[in-house]
K.L.:
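Take a look at this one; I'll ask things after.
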Amino acid sequence: MSIYDTLNTKQKEAVFQTDGPVLILAGAGSGKTRVLTHRVAYLIEEKGINPWNIMAITFTNKAAGEMRERVDGLVGFGAESIWVSTFHSTCVRILRRYIDRLGYDHNFTIYDTDDQKTIMKEVCKYLDIDTKVYKEKMLLSAISKAKDELIGPIQYRLNVQGDYSKEKIAKVYEEYQKRLKSNNALDFDDLIVKTVELFRDNEDVLDYYQERFKYIMVDEYQDTNTAQFQLISILASKYRNLCVVGDDDQSIYKFRGANISNILDFEKVYNEATVIKLEQNYRSTQTILDAANHVIQNNFGRKDKRLWTENEEGEKIAYRQFQNAYEEAEYITEDIAQKVRSGAYEYNDCAILYRTNAQSRTFEEKFILANIPYKIVGGINFYARKEIKDLLAYLKTIDNAKDDLSVKRIINVPKRGIGAATIAKVQDFAIAHEMSFYDACRVVEDIPSIGKSGAKIKLFVNFIQVLRSKLEFLSVTEIMNEIIEETGYVRDLEAENDEEAIARIQNIDELISKIVTYEESTDEPSLSGFLEEVALVADIDSLAEDSNHVVLMTLHSAKGLEFPNVYLAGMEDGIFPSYMTITSDDPTEIEEERRLCYVGITRARQHLTLTCAKQRMIRGETQYNKVSRFIKEIPSSFVDLEVTEDKIQEMPKSMLYQQARNTFQSKVFEPKMFQVKKAESLTYGIGDTVKHIKFGTGVVTAIVEGGKDYEVTVAFNTAGVKKMFASFAKLKKVEQ
DNA sequence: AATGCAAAATTTTTT
DNA sequence: ATTTTGCATT
């Protein structure tokens with residue numbers, strides 16, 4: 001009996017095919033992680049490959065950690081020398097060693113999105129770019145896109161010759177890159193780009209890594225972009241033992257540069273490739289899988305495959321429609337509470353998935369009310385919070401004196417009386433003398449017209465220098481404590497003593513415990529090492545498995561996870577699929593949304609609930625959305641609809657036209673639940689006093705009968721005169 | 001230089 | 001609706 005006996009035929013095939021290029025098309029829940037880990041074990045134990053020669057690349061640290069853990073469980077010893085990490089941390093590791101070849105220092109800083117924006121603002125100001133016409137965000141995304149395709153500033157400029165506005169972007173790109181370099185910093189995209197550059201220009205380095213990584217495995221291959229593909233190709237080009245695992249139906253990161261043709265054309269690029277399809281699903285019930293299959297079938301240009309399972313049919317998929325987002329959240333909250341009470345599920349069996357982060361708030365409110373433990377993944381990254389960024393900027397300043405951005409961030413935090421005018425003078429001096437901002441601070445007495453501020457800057461510089469000298473004999477934790485103590489950062493917050501300040505202090509405490517954890521769990525902890533780890537964390541990484549709480553996250557974050565009981569909330573056209581993709585004239589965009597839906601459905605093991613609201617507040621405006629087209633793609637035989645009096649209600653007239661049109665266009669069978677019932681008579685008339693949930697009481701001044709609904713005008717006592725549709729307003733007559 | 005208010009942007013998804 | 005940003009004031 002060997003560990004491989006538990007694998008099915010296809011899985012075994014994938015595990016045993018160790019040499020040459022291999023493409024594993026692994027459907028959702030088909031045990032791809034199992035295959036990858038067993039493959040590693042097989043390479044080491046049966047093929048006698050040195051663990052040192054194996055590399056596995058994933059997208060998130062969480063996935064990497066899981067894989068490492070599982071490999072450890074399978075392989076007797078040596079597992080620790082397998083290189084398991086994400087694209088980004090792989091590149092950082094390589095660059096830390098060789099980046100001097102590209103003219104950077106080894107202790108380079110990694111800039112996050114916020115930092116990029118700050119740099120871009122400076123660039124625009126410097127180049128006199130009108131940011132009303134060229135938005136920073138737009139410029140950054142253009143640059144990011146270029147980097148994804150491995151197009152450098154110079155080539156970009158050549159490519160866009162003759163196009164005035166793109167030439168401007170080229171100029172920005174060049175200046176942006178120049179500034180990153182003088183700050184000794186790389187952005188996320190640079191990590192990949194620079195590594196490819198390093199390999200292209202330094203044969204000895206490339207050769208070293210090619211010899212080292214004789215066996216390369218890439219997970220979530222459908223989400224790789226061109227730069228990542230190049231990186232992998234270059235590394236694998238010598239031994240060609242490249243095994244990629246992916247599912248084209250789960251490609252959901254096109255907006256981030258993921259190139260789906262990497263997976264679709266793998267066999268063309270590697271024509272000797274072995275292709276293995278894993279189609280047996282071990283995760284979900286038959287019903288859930290059928291639903292997923294029906295949805296994804298509507299996409300064109302996908303690799304042909306069909307998931308099947310030996311699992312039982314299971315419960316039907318619940319579908320519930322509500323008046324608004326509050327009722328939707330209330331229902332889900334109550335449903336979870338009830339299922340936990342009955343013992344059917346634990347809190348951590350349940351996940352709520354939604355399209356946009358903004359949707360999480362309504363749920364959060366209801367969870368707090370219901371006293372249910374929950375965890376929201378995503379939204380504002382922990383490390384993107386002000387207080388955390390401030391304190392990290394101190395660490396970065398100590399670590400990398402060229403990181404002007406960090407220095408400028410904290411030079412006057414807490415307030416030291418160093419204002420914008422002073423900073424500008426130092427900046428000008430630094431540029432004139434071609435030195436870094438911090439170095440200019442060090443020689444502040446040489447700067448003319450600096451005045452009294454010079455002494456203040458000197459104090460700041462001394463503070464940093466002292467810390468830097470202490471770096472040798474103090475731990476990162478001790479340094480951090482000293483920063484907090486000396487700057488009085490926490491003391492100031494304590495003085496504020498409001499809710500926000502308390503939350504910030506808690507965040508700072510969390511940061512300290514993260515530093516402690518880092519120093520305890522790392523062999524050779526260092527300041528650079530900690531900063532690096534911090535720069536590359538994703539929110540999903542911190543999702544602990546042992547604690548018992550409901551998880552809330554976007555559909556994107558949910559990729560790769562599974563839960564017994566899943567809720568897909570906000571299933572409305574305009575929300576999911578998003579408004580952007582519906583109105584776009586690129587039909588592949590809606591296909592990406594559909595893949596996202598497929599990902600969502602296949603997260604569920606046993607029970608799936610789809611919910612939507614007829615009415616939803618978006619950016620302060622009430623929207624009336626029709627039911628998501630994806631729901632209509634699920635045959636009604638798989639769906640359970642609870643019909644209650646409240647659930648079937650009138651749509652306003654304006655929506656009816658749209659819905660009718662939609663019904664007309666839709667080829668797929670439309671379940672009864674979407675049909676609209678004719679209104680009953682109203683319980684109130686003109687002159688009656690009525691009560692509204694939000695606006696309070698008022699007097700009905702007019703009722704206009706439309707085709708399908710009544711438009712009621714009410715003069716509220718406090719809220720003024722409002723016109724509303726009877727079915728939505730839920731007005732109650734007040735007896736006098 | 002710090003505070004306070006009005007205007008503008010935000011929301012599709014993130015390593 | 002809420003949050004961030006810019007501008008003007010003290």
Side-chain angles (χ1 to χ4, degrees), chain A residues 57-64 85-92 110-114 116-118 121 131-132 135-137 140-141 144 147-148 186-192 219-220 223-225 227-228 250-258 325 353-362 377-381 383-384 386 412-424 452-453 456 500 534-541 553-560 570 574-584 589-590 592-593 595-597 599-600 616-623 694:
Chain A
I57 293 196
T58 62
F59 269 84
T60 64
N61 293 305
K62 184 170 188 277
S85 67
T86 64
F87 270 104
H88 295 271
S89 38
T90 297
C91 290
V92 171
I110 301 163
Y111 279 174
D112 67 13
T113 322
D114 270 3
Q116 288 180 283
K117 226 172 148 187
T118 310
K121 266 185 198 156
T131 50
K132 291 260 156 49
K135 297 246 165 62
E136 286 100 336
K137 239 177 97 180
L140 281 169
S141 90
S144 174
K147 288 183 178 178
D148 284 345
L186 303 183
D187 64 20
F188 281 128
D189 300 315
D190 277 342
L191 294 175
I192 316 284
D219 194 10
E220 305 283 10
D223 291 328
T224 51
N225 61 34
Q228 289 162 335
Q250 292 188 62
S251 162
I252 54 174
Y253 282 111
K254 192 178 151 209
F255 71 93
R256 212 171 67 195
L353 310 181
Y354 36 77
R355 182 67 232 279
T356 66
N357 279 308
Q359 287 166 260
S360 67
R361 255 188 58 183
T362 325
V377 176
I380 323 122
N381 189 319
Y383 293 102
K386 261 186 233 104
N412 201 27
V413 176
K415 304 272 183 303
R416 298 186 173 92
I418 303 168
T422 310
I423 291 174
K452 278 188 295 187
S453 310
K456 295 168 182 166
E500 200 186 302
V534 157
L536 296 176
V537 287
D539 274 300
I540 200 74
D541 296 338
M553 66 184 123
T554 62
L555 286 150
H556 283 86
S557 307
K559 195 185 65 172
I575 305 289
F576 184 37
S578 78
Y579 180 75
M580 297 287 248
T581 56
I582 298 177
T583 48
S584 159
E589 289 200 14
I590 194 86
E592 176 136 325
E593 295 281 295
R595 290 194 290 271
L596 196 53
C597 182
V599 167
R616 189 180 289 272
M617 275 282 240
I618 304 221
R619 276 192 256 162
E621 268 187 302
T622 305
Q623 280 189 9
K694 193 171 162 195

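Convention: sequence-line order gives letters A, B, ...; per-chain numbering from 1.
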K.L.:
Using the six-membered base ring of B:dT13, report whether A:F255 stacks on it, requiring centroids under 5.5 Å and planes under 30° apart.
P.N.:
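So A:F255 counts as stacking on the base.
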K.L.:
Is any side-chain nitrogen or oxygen of A:N357 closer than 4.0 Å to OP1 or OP2 of B:dT14?
P.N.:
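Yes, A:N357 has a side-chain N/O under 4.0 Å of OP1/OP2 on B:dT14.
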K.L.:
How close or far is atom C1' of B:dT14 from atom CD of A:Q116, stated in whole angstroms?
P.N.:
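It is 12 Å, rounded to the nearest whole Å.
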K.L.:
Would you indicate, yes or no, if B:dT14 has its OP1 or OP2 atom less than 4.0 angstrom from a side-chain nitrogen or oxygen of A:T113?
P.N.:
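Answer no for this pair, as no side-chain N or O of A:T113 is under 4.0 Å from OP1 or OP2.
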K.L.:
Go through C:dT3, B:dT12, B:dT11 for me and flag the one nearest to the A:R361 side chain.
P.N.:
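Given the options C:dT3, B:dT12, B:dT11, the side chain of A:R361 is closest to C:dT3.
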K.L.:
Would A:Y253 and A:H556 count as a ring-ring contact (aromatic ring centres under 6.0 Å, His included) here? Give the steps.
P.N.:
CA-CA 8 Å; A:Y253 282 111; A:H556 283 86; 5.3 Å; yes
K.L.:
Any donor and acceptor pair, going by atom type alone, linking the side chain of A:Q228 with main-chain N or O of A:I192 inside 3.5 Å?
P.N.:
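Between the backbone of A:I192 and the side chain of A:Q228 there is no qualifying donor-acceptor contact (under 3.5 Å).
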K.L.:
Strictly by Watson-Crick or wobble contacts shorter than 3.5 Å, is anything paired with B:dA7, and which nucleotide is it?
P.N.:
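B:dA7 is paired, partner C:dT4.
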K.L.:
Ignoring hydrogens and angles, answer whether the base of B:dT14 and the side-chain atoms of A:H556 contain a donor-acceptor pair closer than 3.5 Å.
P.N.:
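No, the side chain and the base share no sub-3.5 Å donor-acceptor pair.
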K.L.:
Whole angstroms only, please: what is the CD-C1' distance between A:E136 and C:dT4?
P.N.:
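Checked: the CD to C1' distance equals 13 Å.
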K.L.:
By nearest atom, which of the nucleotides C:dT5, B:dT15, B:dT11 is closest to the A:A358 side chain?
P.N.:
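Of the candidates, B:dT11 comes closest.
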K.L.:
For A:I618 and C:dT3, what is the distance between atoms CD1 and P respectively, to the nearest whole Å?
P.N.:
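Taking atom P of C:dT3 as the reference, CD1 of A:I618 is at 16 Å.
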K.L.:
I need the NZ-C1' distance between A:K137 and C:dT4, as an integer number of Å.
P.N.:
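These atoms are roughly 13 Å apart.
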K.L.:
Does A:E589 reach the main-chain N or O of A:I582 with its side chain, forming a donor-acceptor pair under 3.5 Å?
P.N.:
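No, the answer is negative, given that no donor and acceptor are paired below the 3.5 Å cut-off.
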K.L.:
When you match A:T422 and A:K135 each to their closest nucleotide on DNA chain B, which lands nearer the 5' end?
P.N.:
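Between the two, 5'-proximity favours A:T422.
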K.L.:
Report the distance from atom CD of A:Q359 to atom P of C:dT2, rounded to the nearest whole Å.
P.N.:
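In whole Å, C:dT2 P and A:Q359 CD are 17 Å from each other.
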K.L.:
Which of these nucleotides, B:dT12, B:dT14, C:dT5, is closest to any side-chain atom of A:T554?
P.N.:
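Closest nucleotide among those given: B:dT14.
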K.L.:
Can a donor-acceptor pair be found, under 3.5 Å and without considering hydrogens, that links the side chain of A:N61 to the backbone of A:L536?
P.N.:
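Answer holds: yes.
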K.L.:
If you measure from the P atom in B:dT11 to the same atom in B:dA7, how many Å do you get, rounded?
P.N.:
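Rounded to whole Å, the distance is 22 Å.
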K.L.:
From C-beta outward on A:K121, which listed nucleotide comes closest to its side chain: C:dT5, B:dT15, B:dT12?
P.N.:
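Nucleotide nearest to A:K121's side chain: C:dT5.
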K.L.:
Base, sugar-phosphate alone, or nothing: which one does A:R416 contact when heavy atoms must sit under 4.0 Å apart?
P.N.:
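A:R416: no heavy atom of the nucleic acid under 4.0 Å.
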K.L.:
Using a heavy-atom cut-off of 4.0 Å across all strands, would you classify A:E592 as base, sugar-phosphate, or nothing?
P.N.:
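Contact class for A:E592: none.
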K.L.:
Roughly how many Å is it from CD in A:Q250 to C1' in B:dT14, rounded to a whole number?
P.N.:
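Atom CD in A:Q250 sits about 17 Å away from atom C1' in B:dT14.
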K.L.:
If you look at every strand shown and take non-hydrogen atoms under 4.0 Å, does A:F59 touch a base, only sugar-phosphate, or nothing?
P.N.:
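Sugar-phosphate, no base atom in range.
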K.L.:
Just wondering, more than 12 heavy atoms not from A:K117 lying within 6.0 Å of its NZ?
P.N.:
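Result for NZ/A:K117: open.
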K.L.:
If you take all heavy atoms of A:S85 and A:T90, which pair is closest and at what distance?
P.N.:
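For A:S85 versus A:T90, the nearest heavy atoms are OG-OG1, 2.7 Å.
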K.L.:
May I ask which nucleotide in the shown strands pairs with B:dT13, Watson-Crick or G-U wobble, both distances under 3.5 Å?
P.N.:
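Base partner found: none.
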K.L.:
Out of C:dA1, B:dA2, B:dT11, which nucleotide sits closest to the side chain of A:N412?
P.N.:
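Closest nucleotide among those given: B:dA2.
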K.L.:
Between B:dT13, C:dT2, C:dA1, which one does the side chain of A:R355 approach most closely?
P.N.:
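For the A:R355 side chain, the nearest candidate turns out to be B:dT13.
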K.L.:
With a non-hydrogen cut-off below 4.0 angstrom, is A:I418 in contact with a base, only sugar-phosphate, or nothing?
P.N.:
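Touches sugar-phosphate only.
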K.L.:
How long is the line joining OH of A:Y253 and C1' of B:dT15, in whole Å?
P.N.:
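Spelled out: OH on A:Y253 to C1' on B:dT15 is 8 Å.
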K.L.:
Using the C1' atom on both, measure C:dT5 against B:dT12 and round to a whole Å.
P.N.:
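It works out to 23 Å between them.
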K.L.:
For A:K254 and B:dT14, give me the distance from atom NZ to atom P, rounded to whole Å.
P.N.:
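Those two atoms, NZ and P, are 18 Å apart.
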K.L.:
Do A:T554 and A:N357 have a side chain donor and acceptor closer than 3.5 Å?
P.N.:
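Looking only at side-chain atoms, A:N357 and A:T554 do not form any donor-acceptor pair under 3.5 Å.
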